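Not measured: the values here are computed from a predicted model.
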There are 2 protein chains.
Amino acid sequence: MQKIRAVVFDAYGTLFDVYSVTARAEQLFPGKGEALALLWRERQIDYTRIRSMAAPDGAYYKPFWALTVDALRYAAERLQLLLDPALEAQLLKEYACLSAFPENLGALKRLRAAGLPLGILSNGNPQMLDISVKSAGMHGLFDHVLSVDAVRMYKTAPEAYALGPKAFGVPAGEILFVSSNGWDACGATWYGYTTFWINRAGHPAERLDVSPSGTGHDMNDLLEFVRTQGAAV
Amino acid sequence: MQKIRAVVFDAYGTLFDVYSVTARAEQLFPGKGEALALLWRERQIDYTRIRSMAAPDGAYYKPFWALTVDALRYAAERLQLLLDPALEAQLLKEYACLSAFPENLGALKRLRAAGLPLGILSNGNPQMLDISVKSAGMHGLFDHVLSVDAVRMYKTAPEAYALGPKAFGVPAGEILFVSSNGWDACGATWYGYTTFWINRAGHPAERLDVSPSGTGHDMNDLLEFVRTQGAAV
């Protein structure tokens with residue numbers, strides 16, 4: 001088995017807990033908040049894919065924060081919710097300033113203490129990632145905060161996944177890529193990373209004819225997996 | 001305004017009414033059928049995109065029918081529905097043998113009578129399209145039944161949309177591309193087609209910074225649009 005020489009994390013839903021967005025949406029639109037948050041997230045990801053697929057040269061690329069605004073407006077309109085600028089600002093602010101999942105900070109520190117360089121590889125654009133990292137109290141923990149903005153192609157494009165090996169100077173197979181999105185863990189596996197799917201929601205495996213190298217429920221399970229790869233964490 | 005010299009249709013949801021699938025799902029899983037049909041459709045499209053994006057050379061391409069089976073199994077597992085082979089076969093058979101929307105046959109015949117060559121450009125693989133066309137009583141109406149299977153890239157990839165102009169020998173701008181999927185109408189507009197979005201569900205426009213050339217509620221509205229383009233239908 002290849003020795004892991006760095007760990008790279010997806011950001012939204014993996015490091016940062018997006019649940020507070022749903023809670024705020026429910027507070028602002030009682031009975032409709034969960035539907036709003038779901039459709040918002042769905043369109044946010046759809047728009048990354050539709051735009052990346054339509055132009056391999058990134059011609060229809062738009063930064064993730066702008067897509068996040070587009071997707072929120074679409075979702076509100078479709079659900080016939082009146083999203084005035086003040087309400088929109090509240091929801092977007094919630095998205096900008098997310099919390100970390102409770103076990104994450106401790107787990108990241110243990111990985112660092114074991115001598116593993118850490119990184120983020122996210123669809124998020126650099127400014128939004130910068131705010132999120134600080135907001136979650138993770139400032140200074142990462143050697144590289146990588147955004148697909150550098151290549152104008154969203155995951156699962158190989159150009160996006162290529163950012164990790166390039167930044168760390170390590171082959172993909174010796175980098176552990178961690179995501180709570182099943183499709184992202186699969187995409188990274190295709191690319192050649194060693195991968196770990198944090199299946200927080202207990203969903204079934206995506207039927208994409210590829211399996212992440214490891215799967216668990218939270219970041220503590222990730223530490224256990226890293227130990228099986230020979231690291232002393 | 002460019003004169004329309006051919007009309008190309010998306011298939012599933014545009015020509016073929018997929019509602020019967022939801023009805024059958026609801027019959028087989030009372031109270032859960034709509035959720036099953038929605039998640040099935042969502043994952044079906046997700047898988048086309050995840051696979052196409054991950055490999056511009058089509059390395060992770062899998063035919064649409066196989067993805068449709070994968071997506072159904074995922075959706076049933078996630079909703080904790082016991083999908084035994086007999087139930088699965090019933091749902092898949094429903095998907096294979098769809099009806100046409102009621103006004104479609106008449107509208108297609110009027111377009112043909114006006115001298116417009118017609119085509120299909122679908123994510124569906126050729127065998128599945130062949131069965132669907134016959135099942136919906138549309139055999140013989142189309143000059144070209146085009147499947148993205150020929151290029152192993154799903155819409156919104158330019159390779160997929162390129163099939164239309166290539167088959168008809170007409171520039172994209174002189175072909176009217178018709179879809180009931182907003183994202184598909186947007187993708188075709190980016191590619192350069194004249195486009196019409198049949199917004200049957202009355203959804204808001206996708207926020208993709210591009211607008212179809214025309215929009216309407218059904219195929220009769222499409223005929224009206226074609227008249228504005230100078231064709232006598």
Side-chain angles (χ1 to χ4, degrees), chain A residues 38-39 42-57 59-62 66-81 148 153-161 181-192 201-210, chain B residues 38-39 42-57 59-62 66-81 148 153-161 181-192 201-210:
Chain A
L38 275 174
L39 188 55
E42 185 195 300
R43 272 306 189 279
Q44 182 195 44
I45 298 299
D46 285 350
Y47 288 172
T48 66
R49 294 174 179 163
I50 292 164
R51 286 178 174 275
S52 285
M53 280 177 73
D57 63 354
Y60 302 120
Y61 174 81
K62 193 173 179 178
L67 293 191
T68 299
V69 176
D70 289 343
L72 172 58
R73 290 177 182 168
Y74 175 88
E77 192 180 352
R78 173 132 159 213
L79 296 171
Q80 299 179 292
L81 302 174
V148 303
M153 290 290 280
Y154 286 102
K155 304 181 206 172
T156 55
E159 296 89 337
Y161 290 119
N181 295 301
W183 58 267
D184 188 18
C186 288
T189 309
W190 276 330
Y191 186 78
H203 284 168
E206 296 293 348
R207 290 184 178 258
L208 288 166
D209 306 315
V210 61
Chain B
L38 275 174
L39 187 57
E42 184 195 300
R43 272 305 188 283
Q44 182 195 45
I45 297 299
D46 285 350
Y47 287 172
T48 66
R49 294 173 179 164
I50 292 164
R51 286 178 175 275
S52 285
M53 281 178 72
D57 63 353
Y60 302 121
Y61 174 81
K62 192 173 181 180
L67 293 191
T68 299
V69 176
D70 289 344
L72 172 59
R73 289 176 181 168
Y74 175 88
E77 191 180 353
R78 173 131 158 215
L79 296 172
Q80 298 180 290
L81 302 174
V148 304
M153 290 290 281
Y154 286 102
K155 305 182 208 171
T156 56
E159 296 89 338
Y161 290 120
N181 295 301
W183 58 267
D184 189 16
C186 288
T189 309
W190 276 330
Y191 186 79
H203 284 166
E206 296 293 346
R207 290 184 177 259
L208 288 166
D209 307 314
V210 62

| query | Relative to chain A, which segment of A201(B) carries a heavy atom at a distance below 4.5 Å: side chain, backbone, both, or neither? | reply | neither

| query | Within a strict 4.5 Å, meaning less than it, do heavy atoms of the R51(A) and W190(B) side chains meet? | reply | yes

| field | D209(B) versus chain A, the contacting section by heavy-atom distance below 4.5 Å | value | both

| message | Keeping T156(A) on the side-chain end and M53(B) on the backbone end, is there a donor-acceptor pair under 3.5 Å? | response | no

| message | If I measure from the heavy atoms of chain B, does A205(A) come under 4.5 Å with its side chain, its backbone, both, or neither? | response | backbone

| Is the shortest heavy-atom distance from the side chain of E206(B) to the side chain of D70(A) under 4.5 Å? | no

| said: Report which part of K155(B) has an atom under 4.5 Å of a heavy atom belonging to chain A: side chain, backbone, both, or neither. | reply: backbone

| said: What I'd like to find out is whether the side chain of R207(A) reaches to under 4.5 Å of the side chain of V69(B), using heavy atoms alone. | reply: no

| Where does Y60(B) contact chain A at under 4.5 Å (heavy atoms): side chain, backbone, both or neither? | side chain

| What distance separates L208(B) CG from R43(A) CZ, expressed to the nearest 0.5 Å? | 8.5 Å

| request: Sort out for me which of Y161(B), Y154(B), Y74(B) touches chain A most, counting heavy-atom pairs under 4.5 Å. | output: Y74(B)

| remark: Applying a strict 4.5 Å limit to non-hydrogen atoms, the region of P158(A) in contact with chain B is both

| said: Taking every non-hydrogen pair under 4.5 Å, which of L67(B), D46(B), D184(B) racks up the most with chain A? | reply: D46(B)

| task | Below 4.5 Å from any heavy atom of chain A, which atoms of P204(B) appear? Answer side chain, backbone, both or neither. | result | both

